[in-house]
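Here is the naming used below: chain letters follow the sequence lines, and residue numbers restart at 1 for every chain. Below, all heavy atoms of this structure are taken into account, side chains as well, without hydrogens, waters or symmetry copies.
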Protein chains: 2
Amino acid sequence: MRIGELSRRTGVPTRLLRYYEEQHLLHPERAGNGYRSYPESAVARVGQIRGLLDSGLTTEMIRAILPYLCGPGHLVPAPEDVPAQTAALLQGHIDRIQSRIDCLARNRDRLTAYLAAVRPGGR
Amino acid sequence: MRIGELSRRTGVPTRLLRYYEEQHLLHPERAGNGYRSYPESAVARVGQIRGLLDSGLTTEMIRAILPYLCGPGHLVPAPEDVPAQTAALLQGHIDRIQSRIDCLARNRDRLTAYLAAVRPGGR
DNA sequence: TCGAAGCCTCACATCAGTGTGAAGGTCAAG
DNA sequence: CTTGACCTTCACACTGATGTGAGGCTTCGA
């Protein structure tokens, strides 16, 4: 599929699809005329990218974890050639994500508690 | 306390403390000589701000929720003058935060699953 | 064959968060 | 009284994510 259709189906402007490519988050092939050609799976991939970007991750972090995120089951990088160091890096990313979750959950709880304390009495 | 001490105690550069003030996240008083004067509580407040910023929230969103985040117990805005509309806005923020948490948790789980599938077999 | 629509690259603009430095005022300690 | 540490404002610069437009191809349908 070409960039226009991908844009329509994901709701992401073509400008950003090209940007994600520049950031090595997407790797479309090129047709003979130079047009980008995306596989069907790009729709889901763009969804992933948007979700993570909207959740405050940088393209750099997304680039680091994206290869290991392609859905349950088919492990994309062969388990064999995953050096221990890569596993450690990955664990680091997991930890950072967990920290964010903790911080957000903590503050969500505070807001919820505030709301609960106010609403019953509020007009 | 003045800006230098606050910076030292929080590890946040003075530049950013001034920026947060410009963004209406901090409201130090001014001494006679023009120096900013922060209350003791500013240390915790700056911690809050940093955590949320590091978790990917914008200063705009932080500004919106910060008043309701001052710890359990003393509800800062009097519950009486919290109009229903404010409660609705707040609920919207909570929902957005929850979406982020969900997305991050989902992807954390994927990474963890990948790691679990790879590590036992990995060298 | 012509025009419109879609694609290409390039480049400048914006916003948020931050770094850095200049030019100058305040104050305490030597 | 001077020096040095601390404070002030102002301003320019960078990065990351994104908007926008120019100039020029390709492709397709009337």
Side-chain angles (χ1 to χ4, degrees), chain A residues 1-39 42-43 45-66 93 96-97 99-100 103-104, chain B residues 1-39 42-43 45-66 93 96-97 99-100 103-104:
Chain A
M1 122 190 44
R2 285 177 306 176
I3 200 171
E5 184 182 347
L6 182 57
S7 172
R8 245 171 285 119
R9 288 177 60 184
T10 59
V12 175
T14 60
R15 171 67 175 89
L16 289 189
L17 295 176
R18 298 199 182 95
Y19 175 67
Y20 298 155
E21 178 180 355
E22 188 183 313
Q23 297 299 307
H24 302 104
L25 301 180
L26 295 175
H27 320 89
E29 298 188 338
R30 293 299 180 123
N33 53 13
Y35 287 11
R36 290 169 177 81
S37 173
Y38 298 88
V43 176
R45 195 177 176 92
V46 170
Q48 273 285 338
I49 294 171
R50 282 307 325 171
L52 293 169
L53 230 27
D54 288 343
S55 296
L57 299 207
T58 64
T59 56
E60 183 184 1
M61 202 166 166
I62 297 173
R63 177 167 51 248
I65 65 176
L66 204 49
H93 286 300
R96 267 187 295 280
I97 291 176
S99 302
R100 288 180 176 228
C103 178
L104 292 174
Chain B
M1 128 189 42
R2 285 177 305 176
I3 201 171
E5 184 181 347
L6 182 58
S7 172
R8 245 171 283 118
R9 288 177 58 185
T10 59
V12 174
T14 59
R15 171 68 175 88
L16 289 189
L17 296 177
R18 297 198 181 97
Y19 175 66
Y20 298 155
E21 177 180 358
E22 189 183 313
Q23 297 299 307
H24 303 104
L25 302 180
L26 295 176
H27 321 90
E29 297 187 339
R30 295 299 181 122
N33 53 12
Y35 288 13
R36 290 169 178 81
S37 174
Y38 298 88
V43 176
R45 195 176 175 93
V46 170
Q48 274 285 339
I49 295 171
R50 283 305 325 171
L52 293 170
L53 230 27
D54 288 343
S55 297
L57 299 207
T58 64
T59 54
E60 183 184 0
M61 200 164 169
I62 298 174
R63 176 166 53 247
I65 66 176
L66 203 49
H93 286 301
R96 268 188 294 281
I97 291 176
S99 302
R100 288 182 176 227
C103 179
L104 292 174

Write down the distance between CG (A:Asn33) and C1' (C:dT9), rounded to a whole number of angstrom. 14 Å

Please determine if A:Arg9 and A:Glu5 form a salt bridge, counting it only when a charged side-chain N lies under 4.0 Å from a carboxylate O. yes

Distance-only donor-acceptor test, B:Arg15 side-chain atoms vs C:dT20 base atoms, 3.5 Å: yes

Whole-Å gap separating C1' (D:dG16) and CG (A:Leu16): 12 Å

Separation of D:dG16 atom P from A:Glu21 atom CD, nearest Å, is 18 Å

Between the base of C:dG17 and the side chain of B:Tyr20, is there any donor-acceptor pair under 3.5 Å? no

Taken to the nearest whole Å, CZ/A:Arg30 to P/C:dC8 is 6 Å

Answer yes when B:Arg36 and B:Glu29 have at least one side-chain N-carboxylate O distance shorter than 4.0 Å, and no when they do not. no

Among D:dA17, C:dC7, D:dC7, which is the nearest nucleotide to the side chain of A:Tyr35? C:dC7

Check this for me, if you would: do B:Glu21 and B:Arg45 make a salt bridge, where the nitrogen-to-carboxylate-oxygen distance has to be below 4.0 angstrom? no

Can you tell me the distance, in whole Å, between the CD atom of B:Gln23 and the C1' atom of C:dC15? 11 Å

Comparing A:Gly34 and B:Arg50 on DNA chain C - which has the more 5′ nearest nucleotide: A:Gly34

Heavy-atom count around B:His24 NE2 within 6.0 Å, excluding the residue itself: above 12? no

Using whole Å, report how far CD1 of B:Ile3 lies from P of D:dA5. 18 Å

So, does B:Thr14 get its side chain near the phosphate of D:dC7, meaning an N or O under 4.0 Å from OP1 or OP2? no

Looking only at side-chain atoms of B:Tyr19, point me to the closest of D:dA17, C:dT18, C:dC7. C:dT18

Over how many whole Å does the gap from B:Leu17 atom CG to C:dG17 atom P extend? 15 Å

Verify, without hydrogens or angle tests, whether A:Arg63 (side chain) and A:Gln23 (backbone) share a donor-acceptor contact under 3.5 angstrom. yes

How many Å lie between CG on B:Leu6 and P on D:dC6, as a whole number? 15 Å

Of the listed nucleotides C:dC7, D:dT27, D:dA17, the one nearest the side chain of A:Arg2: C:dC7

Using a heavy-atom cut-off of under 4.0 Å over every strand shown, decide if B:Arg36 touches base, sugar-phosphate, or nothing. sugar-phosphate

